[in-house]
Chemist: 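Dumping the structure here so I can ask a few things about it.
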Amino acid sequence: MWKYIWTELKLMLKTVTPMQAVTHELMHAEHALLQAESGVEYAQALVTYNKQRVKRRKAYLVEDEPKEPT
């Protein structure tokens, strides 16, 4: 744990070149993109699930409607 903290502290305090800074920022941007895409996939799965659920419930209600006597 302390080794990790020390390594991160050294990284924060050392002078970096613009290329290194851009590379580091790109890595963080790609990670954020992956997280956002995962969130979109999860949300889309929830939408699909709930649409199917509503469809099943509506079908159930139509099947169980009382028939009008003729």
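When a residue number appears, it is its place in the shown sequence, counting from 1. Computed over heavy atoms, backbone and side chain alike; hydrogens, waters and symmetry mates excluded.
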Chemist: When clusters are formed from ILVMFWY side-chain contacts under 4.5 Å, directly or step by step, what else is grouped with Leu13?
Modeler: Trp6, Leu9, Met12
Chemist: Checking the side chain of Gln20 only, and the main-chain atoms of Thr17 only, is there a donor and an acceptor separated by less than 3.5 Å?
Modeler: yes
Chemist: Nearest 0.5 Å, what's the OG1-NZ distance between Thr48 and Lys51?
Modeler: 7.0 Å
Chemist: Count the heavy atoms of every other residue, nucleotide or ligand shown that sit under 6.0 Å from CE of Met27, and state whether that count exceeds 12.
Modeler: yes
Chemist: Val54: which residues meet the side-chain contact (heavy atoms from CB on, under 4.5 Å) condition with it, sequence neighbours left out?
Modeler: Lys58
Chemist: If we only count heavy atoms from C-beta on, is the Arg56 to Gln52 side-chain gap below 4.5 Å?
Modeler: yes
Chemist: Quick check for you: to the nearest 0.5 Å, what is the distance between Lys55 atom NZ and Asn50 atom CG?
Modeler: 14.5 Å
Chemist: For atom NE2 of His31, is the number of surrounding heavy atoms from other residues, nucleotides or ligands below 6.0 Å larger than 12?
Modeler: no
